[in-house]
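Below: one structure, written as structure tokens.
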Amino acid sequence: MLSRVAEAIYWFGRYLERAENTARLIRVNSHLMLDTPKGISLGWEPLISITGLGKNFDDFYTEATERNVVKFLIGDLNNPSSILNSLAMARENCRTVRDIIPRTAWQNLNKLYLFAKESVSSGLTKKGRDEYLDGIIASSQQLNGLLYSVMYQDEAWLFLRIGRNIERAEMTTRILDVRSSDLLTDEEELFESRSLEGVQWISVLKSLSAYSIYRRTVQVRVSRTPVLNFLFHDTHFPRAITHCLNSVEESLGNLPRNNIPLKSLRLLVQKINARKMDHLEQEALHKFIDEIQSSIRRFHLAIEKQYFLLPPD
Amino acid sequence: MALDLTQYDPGRFYDESISSKNRARSSCKELIKRLRKMDEDDLAARQTAADLAIKEMGISFRIYTKKEGTIDRNWPFDIVPRIILKSEWDTIEAGLIQRVKALNLFIDDLYHEQKIIKDGVFPAEVLADSKNFRPQCVGVSPPGGIWAHICGSDLVRDVDGTVYVLEDNLRVPSGVSYMLENREVTKRVFPELFEAYAPLPVDDYPTQLNDMLCSISPRRVKRPEVVVLTPGIYNSAYFEHAYLAHQMGAELVEGRDLFVDKDECVYMRTVAGPQRVDVIYRRIDDEFIDPEAFLEDSTLGVPGLMRAWKAGNVGLANAPGAGVADDKVVYAFVPEIIRYYLDEEPGIPNVPTFRCMYKDERDYVLANLDTLVVKPANESGGYGMLIGPNSTEAERTTFARLIKRSPRNYIAQPTLGISTVPTIIGNHLEPRHVDLRPFILSGKHTTVTTGGLTRVALRKGSLVVNSSQGGGSKDTWIVPDAGV
């Protein structure tokens, strides 16, 4: 498989996953707002921090109002990771590898992109937002399902999976980082706001479609440590970080010349396995997540160096 | 409201579907009968369905406009098929095979002994002035003496029904993917018409292309590594490059994916390391394929590619230098070329062509600029032309000056009254002008597409069919005579 093609497919996987996760993020925040008691405002600013795009946002907006944040995340062309831009990039990458991607998948991606673009104004209204985001999520999943059922499972498939899972692992760390730092953890406050804390952890789970499976496999009560354990260490839930990284390892294992990236990945997995989630206070958690994100970035660079087309020196 | 064809009037032009007012040609009786039964809304709804299918299938082409820069346009397609009888097609097909055979002999001769010049049939000065003659290719002998493996010849039909060859595209002709996609779309929106006509299928083209490309592999291996070399996604025909690569199961590569190693073989950079390439279907113009041999600053090509080709380590289709016969002045000599190499009369006539390099022909052209079409020798895409009857005094003055300055670079032809076919405009049918581009593949065998790409000038009265200038296309049906 051509190095350039491997790279495009990897990014196709990443951008598609990014669009879907961004839609999840906005949807869950919207719902959370409705569950928040009067007088407490959680705000929309955390969503900007989650995506790590604070600087881009501040260049164009003065205030993190609901309208501004939603617009920035859904359709702002100045935000390189907005849903619309992510889908456009997924499409551009896919366009360069149309000889690899099944034709029906390309058609679906076009449909998805056109839907995202043409319905964006309704997605920006409060009334139309849910339908818009559900549409994005459902169509991405349909596309992923299609790829699962018809794509030839050769190296292209492995790169697609690596891209998708590495992006998913990263988005899960982002969701944990910001949504949880926002939570009130101070002991005194905790008592009063216990139910609010529960609601917020529920929102973390919901944004990852993990709520019901958590209740079935972990416990009915939703609280900090078990949620962190579940989302970091579970090996069966597709959006749990360990599961994502295991999938990456499995895909990578089938690629040629995989020594160096595999080593980088194993370091990352070890770091996560070794970490106990009990008594992981807010600051420590934030620091830990930062380390994980840097390791993910290092892993990406290892993949890039080993397999992709580097610019001529 | 039912479709009304009584107002359909092609004027003085030959209409391919309707012979005289309100009367269908025999080949189109069934088509017209069904169209008449349809109401305007149904017709418009089918056209909308086709447009949507094209959008969803991502059938597009890129154009450059001053206002918007590079933009992606959906492929404009008209759902009413153009129908040609098999008996007529057989004659055209034989004529095309003859023509391309002669052109390949001609190119091979030009790069070797130049017998045709020595025998006084083809003037040395035309060759001397040729922009597409490549001295780098002199003495090279590609397998089978074939240089133009893929040829796209443009055909038009004049007012009296005669089919002419308008030009031969021997460099990197495009459009075949649209021919294939048009058929797919028509199947979706006009299924019942297929049952009535059973047009001959077109979809074996990718297989034939692949077979032809494998046949020029220098290595005798079971599955030669064939690649399609594209300038990249910003090229106007990128859609087609990707499409053909996909259909053939070949890698679609860019110049940066390939390199020539010390052994003068071509390799591609893959995730598993370098991998040998046997045949390159290149969709990049000669000047850009190898910065060592041609334009130094080209970043699209592969340094050393010409060395590898000359050493016989890689097959190139079309061969570099094949474009020497893709020149509007050379075109004027094709009937002589056919007689010279094959000792046969041309099966399809050329459009009468005045060569401005000859004084008497030039004088005629200069005196009749208002009725002729003047074309530069080496432009494509309909650019740089003068269409006499539609021109202004100022444009004619400009062209007179251009012709006098470089007579070798211009030819002129009578303005043909090219044929029309019923085309959906709004919610009814109007006649629009069309041409036809069949594709001819030459390898061990020579094959011709069943029909080809019909391009249609969508603007009323326009003769320009190029998609970059407001042209669209139609599905082309070759139908058995017995079936209609």
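Just so we're on the same page: letters track the sequence lines, and every chain starts at 1.
Within a 6.0 Å radius of NZ in A:Lys305, no more than 12 heavy atoms belonging to other residues, nucleotides or ligands are found. In this structure, A:Glu131 places its CD atom where only 12 or fewer heavy-atom neighbours from other residues, nucleotides or ligands lie under 6.0 Å away. Residue-environment remark: CD1 (A:Ile260) stays at or below the threshold of 12 foreign heavy atoms within 6.0 Å.
Taking B:Glu254, B:His241, B:Gln247, B:Glu251 one by one and counting their heavy-atom pairs under 4.5 Å with chain A, the maximum is reached by B:Glu254. Of the listed residues (B:Phe239, B:Tyr238, B:Tyr243), the one with the most heavy-atom contacts under 4.5 Å to chain A is B:Tyr238.
Remark: A:Ile100 CD1 to B:His246 NE2 distance equals 8.0 Å, nearest 0.5 Å. The distance from atom CG of B:Asp257 to atom CZ of A:Arg4, rounded to the nearest 0.5 Å, is 4.0 Å.
Residue A:Leu109: no heavy atom, backbone or side chain, is found under 4.5 Å from chain B. Residue B:Val228: no heavy atom, backbone or side chain, is found under 4.5 Å from chain A. Interface remark: A:Tyr113 contributes no atoms to any contact with chain B (heavy atom separation under 4.5 Å).
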Run the side-chain donor-acceptor check on residues 284-292 of chain B: report pairs under 3.5 Å with partners two or more places apart or on a different chain.
from, atom 1, to, atom 2, distance (Å)
B:Asp286, OD1, B:Arg282, NH1, 2.9
B:Asp286, OD1, B:Arg282, NH2, 2.8
B:Asp286, OD2, B:Arg134, NE, 2.8
B:Asp286, OD2, B:Gly321, N, 2.9
B:Asp290, OD1, B:Glu292, N, 2.8
B:Asp290, OD1, B:Gly304, N, 3.0
B:Asp290, OD2, B:Gly304, N, 3.4
B:Asp290, OD2, B:Leu305, N, 3.1
B:Asp290, OD2, B:Met306, N, 2.9
B:Glu292, OE1, B:Arg307, NE, 3.0
B:Glu292, OE1, B:Arg307, NH2, 3.3
B:Glu292, OE2, B:Arg307, NH2, 3.0

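The pair B:Arg256-A:Glu7 does not meet the salt-bridge criterion, since no charged nitrogen lies less than 4.0 angstrom from a carboxylate oxygen. A salt bridge links B:Lys55 to A:Glu118: one of the charged nitrogens lies within less than 4.0 Å of a carboxylate oxygen.
A:Phe57 meets the ring pair (Phe, Tyr, Trp, His ring centres under 6.0 Å) test with A:Tyr61, A:Phe72; sequence neighbours excluded. Taking A:Arg91 as the reference, nothing meets the salt bridge (charged side-chain N to carboxylate O under 4.0 Å, His left out) condition, with sequence neighbours excluded.
Without hydrogens or angle criteria, A:Arg257 side chain to B:Val271 main chain gives a donor-acceptor distance under 3.5 Å.
A 4.5 Å side-chain heavy-atom check between B:Met268 and A:Leu2 finds at least one atom pair inside the cut-off.
Within residues 160-172 of chain A, no residue approaches chain B closer than 4.5 Å by heavy atoms.
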